[in-house]
Q: 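Take this structure first; my questions come after.
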Amino acid sequence: MGLIDYVNIKQGTDSVQRFSNGNTLPLVQRPFGFASFTPQTNTSRGSWFYHPADHSFEGFRLTHQPSPWIGEHGAIVMQPQIQNPTADNYRVWSGTDPKAATLQPHYMHYYLKRCFCDYELTPTEYGACIRLNFRKDFDRFFSVYPVSGENEFKYCKECNKLFVSTTCDPVGSADKGKLKAYFVFEFENGAIDTENTLTEQMDNLSKVNGTEISGQRVAIHLKLNKKTTEIKMATSFISYDQALVNLKNDSDYTDFDDLKEKNAAIWEEYLGRITIDAEEQQLKTFYSCLYRTFLFPHKAYEISENGEPVHYSPAADKVIAGYRYTDNGFWDTYRTVYALLTLVAPEECKEMLVAFVQEYIDGGWLPCWTAGTAKKCMPSTGIDAVIADAAVKNMLGDDWLKIAFEGMEKHANNDCDVKGYGRDGCSKYLEFGYVPFDAFNESVNLTLDAAYFDYCLSVVAEKLGLEDKKEMYLERSKRYANLFDRSHGFMRAKDSAGNFRSGEFSPISWGGDYTEAAAWQTSFAVQHDIEGLAALHGSKEALLKKLDEFFATEPEYLVGGYGFEIHEMTEMSDDNWGQCAISNQPSFHIPFIYAYLGQPEKASYWVERICTEGFSANDDGFPGDEDNGSTAAWYIFASLGLYPICPGKAEYTVTKPLVKNAKILGKRLDLSKAENVISHDELLKRMK
């Protein structure tokens with residue numbers, strides 16, 4: 001039995017818009033792959049187009065969706081059909097047995113009852129190989145249809161290839177250029193009956209014989225001559241020509257089964273970067289989570305005919321040499337994902353870091369939330385913590401680090417007039433030492449984030465030998481104290497005159513001054529200066545008492561500034577760990593403050609409870625949104641007994657491991673004699 005057999009790629013997919021058990025998709029792809037694939041079972045639910053209990057099947061979707069709250073880009077759907085094909089989502093679906101489907105990181109198979117077809121897919125780096133086996137002899141079609149946007153379909157009889165493009169990007173972008181995806185499908189000789197191939201205008205369901213069509217809601221149905229056939233496909237963000245190059249570069253296999261075997265070996269190698277001794281159920285949860293940490297960010301660069309990395313930059317609206325990665329929200333992922341990748345995927349992590357700095361070179365701003373193009377989603381500049389953590393772990397060379405620091409300084413000291421980049425409230429923060437609530441919503445989070453990320457700038461400045469700037473940013477990093485209300489013991493919003501918000505204050509009131517949280521979850525967001533936070537409370541003991549109160553307070557909430565309930569509130573209440581909302585990232589580090597302050601037994605108690613009660617390998621296996629590997633990586637760290645409480649400091653808190661023993665990259669992890677906090681260098685020394 002391989003490690004891949006422990007993975008349930010449906011973990012977290014049993015979610016709906018109002019309650020998240022992960023809000024994940026079952027992604028079939030290479031680790032950090034350019035192209036991802038997933039079943040589409042009911043697109044009438046919008047971004048929640050897959051659910052594990054559905055008995056309907058609308059096709060395999062090539063997807064780039066990093067979150068249902070962000071939406072899709074560069075996507076198309078592929079579906080085998082018989083007799084009278086259609087691209088209408090209300091008519092295209094086939095019945096299937098979800099329990100009989102096979103879904104693994106490297107392979108998926110459905111039997112479609114309506115068209116008597118075994119439908120299989122295994123990925124390449126830039127596309128996939130598809131195998132169709134129709135069990136009965138009817139007119140057979142392979143249909144390709146869009147998700148949204150402007151689309152083009154053109155079958156070339158001479159080269160036996162289908163060319164497809166789409167501008168699918170419903171969320172929109174702050175960037176100059178509009179993302180366009182190109183696809184090439186290559187068929188076996190004699191596979192396509194071009195005389196009876198159909199194109200469709202989806203608005204009126206009209207179909208005509210033809211091999212070419214373009215428009216917003218159009219599709220193509222290629223008639224197949226064979227009952228069994230294999231189809232190769234590749235995609236590009238640059239051009240059809242580059243898609244052909246990608247197809248050629250990906251064709252290092254003999255047939256479907258050979259590629260499937262190669263993909264299984266790739267996933268086994270990645271999953272094997274951490275090996276643990278644990279009970280079977282824990283093995284399933286652990287490796288299902290570990291799979292999730294290797295999905296995002298997605299590669300968005302391609303290899304040219306000359307063997308050089310190139311990418312389309314939406315920020316610059318042109319093709320540029322170098323690396324690019326996308327589909328990632330740093331507000332979520334800076335807390336766990338990249339700290340884990342420095343340990344288990346250091347080479348891939350270095351390439352990602354170079355790509356993030358390249359984004360600044362391309363467009364003048366470091367990325368905040370990318371989903372193909374820059375999205376205005378979550379606040380602040382979590383990329384600062386990723387760069388600082390890389391700096392203290394020597395993951396980024398000085399030349400790249402200097403450029404990164406230039407980008408960090410730009411958004412730390414300048415307002416950005418391009419939504420999707422920069423720090424909201426930057427100039428107000430510089431003027432007042434905090435972001436006032438009469439100028440910006442979510443002002444408490446904007447202030448605390450700015451203070452922490454200023455600390456991250458001080459770390460990089462020190463690494464570069466810039467002592468004056470180190471001291472300046474270190475001093476600025478103390479500004480979190482400007483919002484501490486001693487009378488209540490919480491971080492609270494102030495106006496431009498320096499007054500705390502008037503009226504009744506409730507620490508369980510969400511939104512308004514806080515981001516996806518209330519004062520309870522936000523007031524501990526001083527990862528970089530826990531000693532200073534303790535001093536504000538009066539002593540270390542007083543802060544520990546506040547933590548006890550945090551976990552003892554009932555998981556109640558007021559809708560507050562939102563005016564309505566958001567799913568994170570519901571999930572916190574359902575999880576019942578006091579006010580600790582592991583359903584969302586602001587609470588991630590809070591249990592580990594106990595260990596940092598010398599009470600590892602309390603940290604271990606809460607971490608074990610959260611892991612055993614809130615996580616499983618099941619389809620409902622997460623306590624809230626998984627968010628691009630961030631929640632999965634939290635579980636991995638918690639299981640190992642380590643946590644990067646402050647990315648940018650090369651250290652980890654130590655708690656009781658939940659596994660019997662573990663190896664990272666083949667080296668045994670020994671924490672038996674570790675203190676409550678262990679440095680990164682000391683951790684590496686202990687791994688033998």
Side-chain angles (χ1 to χ4, degrees), residues 3-4 6-13 22-33 36 65-67 104-106 266-276 278 282-299 325-353 355-356 382 385-386 389-390 393 395 582 585 588-589 610-611 614-617 621-644 647 652 658-659 662-665 669:
L3 298 177
I4 203 169
Y6 291 118
V7 176
N8 175 23
I9 72 170
K10 299 183 295 170
Q11 181 192 31
T13 61
N23 266 333
T24 59
L25 288 171
L27 297 178
V28 177
Q29 63 171 80
R30 295 271 182 94
F32 312 116
S36 296
Q65 178 174 293
S67 162
Q104 295 179 290
H106 68 297
I266 290 170
W267 272 106
E268 282 293 326
E269 191 276 323
Y270 272 83
L271 295 170
R273 294 183 182 190
I274 305 180
T275 55
I276 61 170
Q282 192 173 1
L283 286 168
K284 290 180 178 179
T285 305
F286 188 91
Y287 285 106
S288 296
C289 284
L290 191 58
Y291 147 82
R292 289 263 154 215
T293 69
F294 293 133
L295 296 177
F296 297 97
H298 286 144
K299 289 178 181 176
Y325 279 80
T326 187
D327 303 338
N328 173 77
F330 289 101
W331 191 83
D332 304 302
T333 56
Y334 85 76
R335 306 167 199 263
T336 55
V337 170
Y338 294 99
L340 182 64
L341 296 183
T342 63
L343 290 173
V344 301
E347 295 308 311
E348 294 90 334
C349 189
K350 290 176 184 177
E351 187 173 281
M352 293 171 193
L353 291 161
F356 300 148
V386 176
D389 201 53
K393 295 175 182 176
M395 299 288 292
I582 295 295
Q585 285 71 20
F588 272 15
H589 73 291
I610 292 167
C611 285
F615 290 80
S616 75
F622 288 107
D625 281 0
E626 199 285 312
D627 287 325
N628 304 147
S630 61
T631 307
W634 188 95
Y635 179 86
I636 297 298
F637 274 122
S639 298
L640 297 176
L642 292 170
Y643 191 76
Y652 309 84
L658 303 182
V659 298
K663 290 182 179 180
I664 300 177
L665 299 182
L669 179 62

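Since we're looking at a predicted model, the values are computed, not measured. Atoms considered below: every heavy atom in the structure, side chains included; atoms not considered: hydrogens, waters and symmetry mates.
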Q: Taking only residues two or more places apart in sequence or in another chain, which ones pass ring pair (Phe, Tyr, Trp, His ring centres under 6.0 Å) with Tyr6?
A: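 Checked Tyr6 against ring pair (Phe, Tyr, Trp, His ring centres under 6.0 Å); zero matches.
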Q: Going by the side-chain hydrogen bond (donor to acceptor under 3.5 Å, both in side chains) test, which pairs reach into residues 284-294, not counting sequence neighbours?
A: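 As it turns out, there is no side-chain hydrogen bond (donor to acceptor under 3.5 Å, both in side chains) pair with a partner in residues 284-294 once direct neighbours are skipped.
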Q: Out of curiosity, Asn328 CG to Met352 CE, how far, rounded to the nearest 0.5 Å?
A: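 Taking CG in Asn328 and CE in Met352, the distance rounds to 9.0 Å.
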Q: Using 0.5 Å steps for rounding, measure from the OG1 atom of Thr24 to the CD atom of Gln65.
A: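 Reported to 0.5 Å precision, the distance equals 10.5 Å.
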Q: Do Tyr338 and Pro647 have side chains that get closer than 4.5 Å, going by heavy atoms?
A: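 No; the side chains remain at least 4.5 Å from each other.
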Q: Can you list everything that forms a side-chain hydrogen bond (donor to acceptor under 3.5 Å, both in side chains) with His298? Sequence neighbours excluded, please.
A: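 Only Gln29, Ser36, Asp327 meet the side-chain hydrogen bond (donor to acceptor under 3.5 Å, both in side chains) criterion with His298.
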Q: Taking only residues two or more places apart in sequence, or in another chain, which ones meet Thr326 in a side chain to side chain contact (heavy atoms under 4.5 Å, CB included)?
A: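 Expected list: Ala300, Arg324, Thr370.
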Q: Look up atom CD in Glu348 and atom OG1 in Thr342, then write down how far apart they are to the nearest 0.5 Å.
A: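 Those atoms lie 12.0 Å apart.
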Q: Can you tell me how the ring of Phe294 sits relative to the ring of Phe32, calling it parallel under 30°, perpendicular over 60° and tilted otherwise?
A: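 Rings of Phe294 and Phe32: perpendicular, as their planes differ by over 60°.
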Q: When the ring planes of Phe588 and Trp634 are compared, do they come out parallel, tilted or perpendicular, using 30° and 60° as the limits?
A: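 Tilted, since the angle between the ring planes falls between 30° and 60°.
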Q: Could you check whether Glu351 and Tyr325, counting side-chain N and O atoms only, form a donor-acceptor pair closer than 3.5 Å?
A: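 Tyr325 vs Glu351: donor-acceptor pair found between side chains.
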Q: According to side chain to side chain contact (heavy atoms under 4.5 Å, CB included), who are the partners of Glu269, at least two apart in sequence or on a separate chain?
A: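 By the side chain to side chain contact (heavy atoms under 4.5 Å, CB included) rule, Glu269 matches Arg273.
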Q: With sequence neighbours excluded, what pairs up with Arg30 under the salt bridge (charged side-chain N to carboxylate O under 4.0 Å, His left out) test?
A: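 With neighbours one apart ignored, the set is Glu125.
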